[in-house]
Amino acid sequence: MNHLTDWTDLPDAVWEACLDRARWHRAHPAWTRAAAGRALGLLFFNPSLRTRTSMDVAAAALGAHAVTLSPGQGVWGLEWRDDARMDGEAAEHVREAVGVLSRYVAALGVRTFATLADREADHADAAFRAVVAASSVPVVNLESARWHPCQALADAAAVCDTLGDPRGQKFVLSWAPHPKALPRAVPNSAVVMAARLGMEVVVARPPGFELDGDVLDFARQAAARSGGSVTESEDQHAALSGARVVYAKAWSGGAVYDDPGAEAARRAGHADWRITEAALGRTAGAAFMHCLPVRRGVVVDGDVLDGPNAVHLLQAEYRLWAQKAVLEWIWEVRGSGFGVGEVQGSGAPSVRA
Amino acid sequence: MNHLTDWTDLPDAVWEACLDRARWHRAHPAWTRAAAGRALGLLFFNPSLRTRTSMDVAAAALGAHAVTLSPGQGVWGLEWRDDARMDGEAAEHVREAVGVLSRYVAALGVRTFATLADREADHADAAFRAVVAASSVPVVNLESARWHPCQALADAAAVCDTLGDPRGQKFVLSWAPHPKALPRAVPNSAVVMAARLGMEVVVARPPGFELDGDVLDFARQAAARSGGSVTESEDQHAALSGARVVYAKAWSGGAVYDDPGAEAARRAGHADWRITEAALGRTAGAAFMHCLPVRRGVVVDGDVLDGPNAVHLLQAEYRLWAQKAVLEWIWEVRGSGFGVGEVQGSGAPSVRA
Amino acid sequence: MNHLTDWTDLPDAVWEACLDRARWHRAHPAWTRAAAGRALGLLFFNPSLRTRTSMDVAAAALGAHAVTLSPGQGVWGLEWRDDARMDGEAAEHVREAVGVLSRYVAALGVRTFATLADREADHADAAFRAVVAASSVPVVNLESARWHPCQALADAAAVCDTLGDPRGQKFVLSWAPHPKALPRAVPNSAVVMAARLGMEVVVARPPGFELDGDVLDFARQAAARSGGSVTESEDQHAALSGARVVYAKAWSGGAVYDDPGAEAARRAGHADWRITEAALGRTAGAAFMHCLPVRRGVVVDGDVLDGPNAVHLLQAEYRLWAQKAVLEWIWEVRGSGFGVGEVQGSGAPSVRA
């Protein structure tokens with residue numbers, strides 16, 4: 001069964017085939033009936049605009065039928081902890097809810113943000129893993145505590161469209177200010193994604209906002225295979241020099257688990273990490289990327305978003321094409337030109353070569 | 001016009017044809033276009049996970065199109081009382097809302113839980129009946145104050161799959177503890193369902209948690225036709241002896257209308273009615289049933305839910321197949337093998353014989 | 001690109017073709033695949049029952065696929081002001097949200113009620129215009145601060161069905177009492193609609209509840225072309241005399257922006273503007289119209305709504321047929337009998353003649 005938990009679990013060949021297929025879909029947007037007769041359950045424990053719309057449309061464009069569920073909004077709140085005695089608010093456990101849903105649908109897409117309160121659960125992607133464990137059908141990660149693989153695939157396609165050959169080019173993941181503590185699924189995914197593309201990746205962030213060591217290890221392993229590199233910097237100005245991509249993203253420091261007040265104060269102290277036209281001027285004509293939603297004037301200036309170098313709408317558009325590719329892969333439905341079927345299991349030849 | 005208000009309104013032959021058809025659908029899950037060109041409105045006055053998903057997928061699997069509406073969540077709050085002067089929160093009356101919706105759709109599914117505050121309205125199923133009265137298209141009851149007919153049909157199919165021939169076998173509906181006062185639509189429906197199947201039905205519950213006399217009367221009438229029986233017991237241990245099915249369900253005592261505090265205290269005093277492995281050990285290898293959602297460690301132990309005798313996921317799965325059968329019946333669309341058309345009106349021959 | 005912002009922007013010939021087509025659809029309700037392969041995004045900043053259901057079904061009935069989004073309910077809250085520094089509740093700007101959505105879908109339907117707090121923004125339809133500006137696909141107004149063009153089209157069809165030839169007949173738009181301050185999109189649209197039909201339009205309302213002068217100007221220009229007229233009256237009794245249509249609607253007085261308390265007090269002082277059987281008795285057997293939702297016993301008596309002259313359900317039903325016509329027009333999909341394609345651009349011949 002083909003789950004999409006995160007790309008670190010899967011052979012590079014699957015990633016590359018899906019990436020190719022996402023770009024193929026953009027060039028061939030016509031709707032098909034490749035996945036007719038299949039339902040897709042979309043389970044959102046957190047809000048969504050892009051993801052629920054692009055998944056719903058991706059399903060429809062393949063002839064499948066999506067049903068969107070938001071626990072707590074017209075749907076029962078769900079418990080996912082194994083040992084919970086359920087005498088509180090949650091009326092149902094993920095074991096039952098997902099056990100049932102996976103008898104109604106042919107795949108599930110699930111969003112479970114980081115708690116930012118339970119370090120161990122977040123690090124283990126425990127809520128998302130509980131859904132996968134309870135499901136009898138393929139599960140697609142629509143952003144878990146640690147990973148956002150559909151975003152990564154869409155981002156990679158946007159980078160390839162923008163730069164042509166991304167290998168050896170400088171990709172700066174730049175920490176950004178934000179009024180709220182945010183999870184790290186997107187920065188984790190972005191750094192691994194750019195490393196996979198063979199880019200010279202720099203994670204620029206203030207002290208106290210380090211990404212997890214195991215994530216950087218994953219990224220470095222990917223870079224070792226692709227000919228890229230991954231380094232860190234606390235100097236945004238220096239990092240931006242020579243950059244071909246600036247990917248801005250707010251994320252919380254590790255202190256959020258132990259001392260949220262201190263983390264917030266530290267975050268507020270770095271408002272000058274906001275991406276401005278001046279900052280972009282220090283790069284080598286870098287494309288500006290962001291996963292959205294983005295706060296104008298806080299994370300990045302409106303001028304940058306409205307300027308010619310911004311590709312955030314292309315990234316977001318690619319969510320649709322990437323998720324069509326992912327649905328084809330998990331369901332093993334093969335439209336014309338889709339080589340994943342052959343690649344999987346054989347393990348070796350890159351369909352991008 | 002074929003409303004599904006509750007099975008007590010309908011000839012046994014319709015029930016039996018839908019039951020057969022539900023089991024046929026499980027064996028023949030392919031999607032069809034039998035109900036193409038029809039919209040189904042799903043109006044949820046209360047939360048839902050299984051019901052809204054299974055109805056939506058059931059509609060899609062017949063080629064129809066479901067629209068889900070949750071009054072109060074992006075939809076106007078609705079008034080259903082006839083004499084209301086509408087100067088409060090509700091912006092619209094069911095007469096208008098349902099009058100309009102039934103011009104957009106070919107059938108309505110409606111959920112209206114018991115108020116547990118207005119005894120008379122609950123007993124008369126007044127909110128649900130107001131919807132039926134205002135509708136110009138067939139209405140399917142997706143749980144009203146008194147009945148949950150789709151659940152009953154799914155449960156019956158699960159019983160038949162599990163036991164083979166259920167006639168003469170012992171079915172225990174066992175009251176269960178719960179932190180909240182809950183409606184009785186499910187226990188009412190379950191006792192009538194098991195009686196219809198010709199089972200030896202025992203309603204086990206503490207004093208003060210009697211089901212309504214007219215519900216037991218319906219059940220006894222059904223038992224008289226099917227060769228079953230319906231009795232009550234205040235001794236859970238004795239009731240479980242020899243049981244082939246244990247159907248656990250929390251429901252509120254009648255005092256909930258007059259003295260909710262006393263009812264809650266009484267409920268809390270019977271925490272030991274929770275179904276455990278030990279309790280199940282007293283039965284004749286009984287299947288464990290529950291309509292879901294269920295609170296682990298409160299209503300039933302996780303061991304039981306995760307054990308080999310639990311059929312709650314099968315029950316829930318059958319919601320999908322049962323509702324496909326119901327939609328075919330209300331719309332009078334007849335796929336291969338569906339005998340309801342012939343049975344209705346003739347009144348007599350059981351298609352299950 | 002065919003936006004439906006409001007009918008004041010569009011040639012009369014488009015209005016007339018859509019009106020004819022709406023009536024044609026009612027007579028030819030069969031579903032088609034005319035718009036297959038197209039997604040429709042429905043973005044509701046405010047609650048909806050009729051609109052979201054009728055748009056969803058209209059899309060399905062043309063073979064298209066609708067996705068409904070409610071910012072703030074499982075979707076990010078959205079900012080639309082150009083100069084906002086986004087450090088508050090809204091996590092995303094309309095520029096990004098709509099920019100993205102319009103890459104997923106082939107058209108957007110958008111609801112943005114009046115703020116009733118920012119006079120200038122409401123008068124400029126600023127929130128709705130921000131959506132249109134950010135969209136790369138056609139946008140359909142599903143009620144903005146100033147206009148409700150789909151309602152107007154449906155209302156016109158209901159008037160034509162009810163009266164036959166409406167020209168020269170008396171149409172009274174009668175202000176109605178309501179516990180809340182309400183926007184004016186519907187009364188604005190109704191007065192222009194009836195003027196377009198060549199009716200003798202009277203806007204009856206208490207002092208302090210005048211419609212905007214530019215709206216009355218639009219209506220008078222339409223009346224000049226159609227042979228109708230538009231006048232105002234503060235005497236409901238006199239206005240009703242000879243009426244063939246009474247269109248009741250609550251709306252707020254202009255004081256709502258400056259002194260909401262005074263506005264509420266003034267509103268409460270005119271409870272006797274409620275439409276009763278006695279009031280209807282003063283007309284020439286007038287049809288009773290209301291856009292819904294309506295508060296029984298406050299805006300109008302239940303007797304009137306349940307009586308033979310009420311056509312509010314027909315109006316609401318026509319939302320479905322009108323929106324099918326609108327979707328065909330914006331997408332330029334031409335089923336049999338649809339003359340808009342030819343009319344547009346040529347500018348001249350009325351397809352209703």
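Letters go in sequence order (proteins before strands), and every chain restarts at 1. Worth knowing before you read on, the calculation uses all heavy atoms, side chains too, and leaves out hydrogens, waters and symmetry mates.
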When heavy-atom pairs shorter than 4.5 Å are enumerated against chain A, which of B:Asn46, B:Asp306, B:Leu314 gives the highest number?
-> B:Asp306
Quick one: of A:Ala84, A:Pro71, A:Gly88, who has the most non-hydrogen atom pairs under 4.5 Å with chain B?
-> A:Gly88
Quick one: what part of B:Pro293 sits under 4.5 Å from any heavy atom of chain A, side chain, backbone, both or neither?
-> both
Charged N to carboxylate O under 4.0 angstrom, A:Arg81 versus A:Asp83?
-> no
Mind listing the side-chain donor-acceptor pairs of residues 27-36 of chain B below 3.5 Å, one per line with the distance, residues two or more places apart or on another chain?
| from | atom 1 | to | atom 2 | distance (Å) |
| --- | --- | --- | --- | --- |
| B:His28 | ND1 | B:Trp24 | O | 2.8 |
| B:Trp31 | NE1 | A:Gly37 | O | 3.2 |
| B:Thr32 | OG1 | B:Ala34 | N | 3.2 |

Structural part of B:His178 lying under 4.5 Å from a heavy atom of chain A | neither
Residue part contacting chain A, namely of B:Ala60, when any heavy atom lies under 4.5 Å = side chain
Please table the atom pairs, donor to acceptor, closer than 3.5 Å between any side-chain atom in residues 128-136 of chain A and protein atoms at least two apart or in another chain.
| from | atom 1 | to | atom 2 | distance (Å) |
| --- | --- | --- | --- | --- |
| A:Ser135 | OG | A:Val137 | N | 3.0 |
| A:Ser135 | OG | A:Val137 | O | 2.6 |
| A:Ser136 | OG | A:Ser102 | OG | 3.0 |

With the threshold set at 4.0 Å, does a side-chain nitrogen-carboxylate oxygen contact exist between B:Arg26 and B:Glu317?
-> yes
Looking at B:Thr68, B:Leu292, B:Leu49, which one has more heavy-atom pairs under 4.5 Å with chain A than the rest?
-> B:Leu49
Give the intermediate values and the outcome of side chain to side chain donor-acceptor pair (under 3.5 Å) for residues A:Thr115 and A:Asp118.
-> CA-CA 6 Å; A:Thr115 64; A:Asp118 181 337; 5.6 Å; no
Nearest heavy-atom approach of A:Arg52 to A:Leu42 is O-CD1, 4.3 Å
For the side chain of B:Arg184 and the backbone of B:Trp251, is there at least one donor-acceptor N/O pair under 3.5 Å apart?
-> no
Measure B:Leu305 against the heavy atoms of chain A and call it side chain, backbone, both or neither at under 4.5 Å.
-> side chain
Pair count under 4.5 Å, heavy atoms only, with chain A: among B:His290, B:Arg296, B:Arg50, highest is B:Arg296
Between A:Leu101, A:Val105, A:Val100, which shows the greatest number of heavy-atom pairs under 4.5 Å with chain B?
-> A:Val100
